[in-house]
Trainee: 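Please see the structure below; I have some questions.
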Amino acid sequence: MTASHDVLVIGGGGAGLRAAIAVAETNPRLRVAIVSKVYPMRSHTVSAEGGAAGVAADDDSLDEHAYDTVSGSDWLCDQDAVEAFVHEAPRELLRLEHWGCPWSRQPDGHIAVRAFGGMKKKRTWFAADRTGFHMLHTLFQTVLSFPEIVRYDEWYVTKLLVDDGRTYGVVAIDLATGRTETITASAVIVCTGGCGRVYPFTTNANIKTGDGMALAYRAGAPLKDMEFVQYHPTGLPFTGILITEAARAEGGWLLNKDGYRYLQDYDLGKPEPTPVMRSMELGPRDRLSQAFVHEQAKGRTIDTPYGPIVHLDLRHLGAELIDAKLPFVRELCSKYQNIDPVTELVPVRPVVHYMMGGIHTDIHGATPIQGLFAAGEVACVSINGANRLGSNSLPECLVFGARAGRAAALFAGLYGGRIPPAVMAQGRDEEDRLERELTRHLDGRERIADIRTEMQITMENGSGIYRDRDSMVKAFDELQELQARFADAAIDDHSRTFNTELVALLELSFMLDVAESIITCALHREESRGAHQRTDFPARDDERFLAHSLVQREPDRAGRRVRYLPVTITRWPPGERVYGR
Amino acid sequence: MTTRRRPAAEPLLWLLFSAGGMIAALLVPILLFLFGVAFPLDLLTPPDHAHLLAVLRNPITRLVLFGLCALALFHWAHRFRYTLYDGLQLKRFSVVIILFCYGGAVVGSIISAYLLLTVG
Amino acid sequence: MADEITLEVVRYRPELRIEPVVQSYQVPLREHWAILDGLTYIKDHLDGTLSFRWSCRMGICGSCGMTVNGDPQLTCATFLTDYAPGPVRVEPLRNFPVIRDLVVDIGDFMDKLPTVKPWVIRDVDSPVEEGEYLQTPEELDEYKQFSMCINCMLCYSACPVYALEPHFLGPAAIALAQRYNLDSRDEGASEREDILSSPEGIWACTFVGECSAACPKDVDPAAAIQRYKLTAATQAIKNFLLPRGAR
Amino acid sequence: MSLYHRPIPLFWWLERRSYLVFVLRELSSVFVAWFVVYLLLLINAVSGGSAEYERFLDRSGQWWLVTINVIALVFVLLHAVTWFGLAPKAIVVRLRGRRVPPPLIAAAHYAAWLVLSAVIAWVILR
């Protein structure tokens, strides 16, 4: 069976919904559709807590936001992209305000902004500490007002159809019925988010399995800067549930087992009773997570059944502030940790949170494959470089979702038309393959969960907060082995109706590819920068590596190739990252 | 989208139901306690006839009692209608139920008006 | 504390049987383990054929609503130890057609949601260049509670009216309409009036109140509906008493 | 795709305690209506003169009538308590721009109940 659209968006989160609206607004005649493996309001944008950065205050400027972002990225971002980003972010956030997003307000009715890590000024818009939830639902409900936007809810895309360097659509499974379908489109926008589930301990939802990255990678698109994996310094032990950076921005402290604000030992400034911008607890996430590892090495963390922890102290903030600005933090602590942050210390540890890397795109969201666009966490423009600043990712979804939507609309308007027969054949082949996946593993011996767990442990050991060549080579070999074992993975479930095991199998296969790309890029980058810290190459090396790594499959799919693309520098030459002084 | 039929009666019936529910909640417990339980069981001495008649002859009393009777009956009518719909799943007989319930309330209101107007 | 607990999972497999059957599994009983952790344990280690939805496991995405020992719950926010020594019965959400095992079809809600126009409607849209629509914290508080809905469907599962009257718009959809009606930036209340005041709208509700009891986010849809009844009734009286032009 | 629709039992409200309480709450309306009938009989008796009134008082002492009235009183109290509990959800009162907290509105209802009951008792028993 086939369906046909002009623009097809894969993923119904912040970037995907914004992109779909942009398409509909740019050219209302285009037939635009969103394919998502979950209902859009279940997308992982929903879990974002702290806020969305966009210059709003009188004492702030676009240049300062740009500089914070550039220095936060350890100079690995593209500065033209950052300039476009900081320029358009406030406008996008305002647009969301017009669509009904319940932003927190000042007493006079203007938007309120809060401090955030690595930002010199208060510029983070927030809706209490459920910012992502409110943004997602606002976008989703706004999408409902566009009847021309068609949705394929709970459809899982398994393949991008690419022929001769141009994309023509996807093959997807309707989960409820198990039906596979070729959905053609003149332009495809990938907005599937990140891949935190490649790691064992992550804030990411179960659905964050790097599908879009793997789809593009398999279709021949390069992935960029995949070695940069952000560890958020404050996740709850066991669950990995995120405790937002806003908790520290509102004045929370990080304490080691002696009750000591240990960040002062790591060149992050002096402890002050109230928060100081770009200092101490308001430093960037990479530096804070690294500081934790050093504390652990010094034996100053606290051991628990769920690993070593430090404490986040919010007690001095008082119940009133916590209820007004951090109600979700209080709810999460009480539900999942049985503690009340008003009176008790919150146990936290670093947790995999975000992929700086992703599908290589230009500042319009276009990938090297014609007609293929990407936006949001799945893409790498790059504005995040080696380390993303907290609250830059939500506006990134909006700014680059909208840009990709406009570019895709333009592309589809110009280059619509006939689908080559080879593409339809590809579609049929993929449908056949899925049919085989459903039955071929009848006699398999490996369990999906076992391979997945081993992959996650391999990734943590091989490319955690600190890496070195030996650990990564070992991890790479283990991944090869896991790929081989995957071929022998069994599935118990051969039903066509809502077969979540088949989805888990396909997700695992995507994750294995993404994991491989992460390790490959990390091995090749012989320096330390931002979130990529190598004990065997502890210094930043601008001479060799002030460049994006691009990893791409060889056409025969057997090997992979890494090359480097110079970073775009417009106004801020590489310098030292200074925090707290 | 098609414009839906907006029932004209439903808001009015709901208001009557609500007003009846409120007045019943406020006034019925004490009245029922006194005349239904306390006096019959001799927990309290019932008032003599002359006193009650005097109270009843007061136009304010009669107005209040009429309001209580009529609204309470409409409260019953509305609530009982939905109890039959949902509790016994009888919605298919809705025409009969509506006639019985609201018709009953109308007849009851007329009777109470008559009785209150003809107080000796 | 015993180290295992029994999960009695009600399973419906359309290919195999007409009626759902109960299947029991032994899962580890550990502190901090949610019902959902028990289910993923089954899926990963005992029986890969068990189907259920889940995603964020922090009570915000709304995927994992199920019926636990008769009550509608988010299984990621309901803990095994609270049900010890068990057994715990896990069923799909009530009042929805079951697609498979613990997966229900919420298409009905997804179809109804757009009919209440849950988006900002303005007579005249101001360009974003003119800045934000001002809204004081007090004005925000007017609708904030009703904006907390995560569409988890627990309220529909708890609502007997929805069970008996499938055309009923239902608690979450009405609460979301009220969320926009009460938003100081919105001017679309009159456009939502027809659908909300229809027999399938607020008037179908008999104020059982179970939606609000079930809501994991304290949205209180029952209150939204009652408030709208009062608004609609007052409006109806006004319409009746006042000539058309004076409204 | 064949969906499974769970059948709804006729007495679905026996499945959950809260549903049962709901149906009992709704049934309280029958006893409210019964009270109106009883009240009208009383009014009729008072109108009919002293003897008629005495006869009414005698009859009202019959065991079955007292039983009905005790049950009715329980239901009417259930009605009053649930009504005052739910009223704050529908009624939003603002004083000087601030929303009055719902528990306060409920408390106001109880206060009104108390005062009115006292007034009625005083008028009748005076």
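In what follows, every chain begins at residue 1, and chains take the letters A, B, ... in the order their sequences are listed. Since this is a predicted model, take the numbers as computed values, not measurements.
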Trainee: Take a 6.0 Å sphere around CZ of D:R17 and say whether it holds more than 12 heavy atoms from other residues, nucleotides or ligands.
Mentor: no
Trainee: Between D:V92, D:L86, D:I8, D:T82, which residue shows the highest count of heavy-atom pairs closer than 4.5 Å to chain C?
Mentor: D:L86
Trainee: Working to the nearest 0.5 Å, report the span between OG of D:S18 and CG of C:D71.
Mentor: 8.0 Å
Trainee: Counting only non-hydrogen atoms closer than 4.5 Å, does C:N95 touch chain D with its backbone (N, CA, C, O), its side chain (CB onward), both, or neither?
Mentor: neither
Trainee: Could you give me the CA-CA distance, side-chain angles and deciding distance for D:L3 and C:V98, then say whether side-chain contact (heavy atoms from CB on, under 4.5 Å) is met?
Mentor: CA-CA 5 Å; D:L3 300 169; C:V98 182; over 6 Å; no
Trainee: Tell me, side chain or backbone of C:E15 under 4.5 Å from chain D's heavy atoms, or both, or neither?
Mentor: neither
Trainee: Would you compute the distance between atom CZ of C:R227 and atom CD1 of D:I91 and round it to the nearest 0.5 angstrom?
Mentor: 11.5 Å
Trainee: Quick check for you: among C:V104, C:L164, C:D141, which has the greatest number of heavy-atom pairs under 4.5 Å with chain D?
Mentor: C:L164
Trainee: Side chain, backbone, both or neither: which part of D:R94 has a non-hydrogen atom closer than 4.5 Å to chain C?
Mentor: side chain
Trainee: Work out which heavy atom in C:L230 is nearest to a heavy atom in D:A90; give both atom names and the distance.
Mentor: CD2-O, 3.4 Å
Trainee: Less than 4.5 Å apart, any side-chain heavy atom of C:E19 and any of D:Y4?
Mentor: yes
Trainee: Which pair of non-hydrogen atoms, one from C:G70 and one from D:R16, has the smallest distance, and what is that distance?
Mentor: O-NH1, 2.7 Å
Trainee: Tell me, for C:R100 versus chain D, whether the close heavy atoms (under 4.5 Å) come from the side chain, the backbone, both or neither.
Mentor: neither
Trainee: Identify which part of C:T231 has an atom lying under 4.5 Å from any heavy atom of chain D, answering side chain, backbone, both or neither.
Mentor: neither
Trainee: Should we say atom CG of D:D58 is surrounded by more than 12 heavy atoms from elsewhere, each under 6.0 Å from it?
Mentor: yes
Trainee: So, taking the atom named OG1 in C:T67 and the one named CZ in D:R6, what distance separates them when rounded to the nearest 0.5 Å?
Mentor: 8.0 Å
Trainee: Looking at C:P160 and D:W12, what are the two nearest heavy atoms and their distance?
Mentor: CB-CZ3, 3.4 Å
Trainee: Identify which part of C:I18 has an atom lying under 4.5 Å from any heavy atom of chain D, answering side chain, backbone, both or neither.
Mentor: backbone
Trainee: Can you name the closest pair of heavy atoms from D:K89 and C:F207 and give their distance?
Mentor: CD-CZ, 3.7 Å
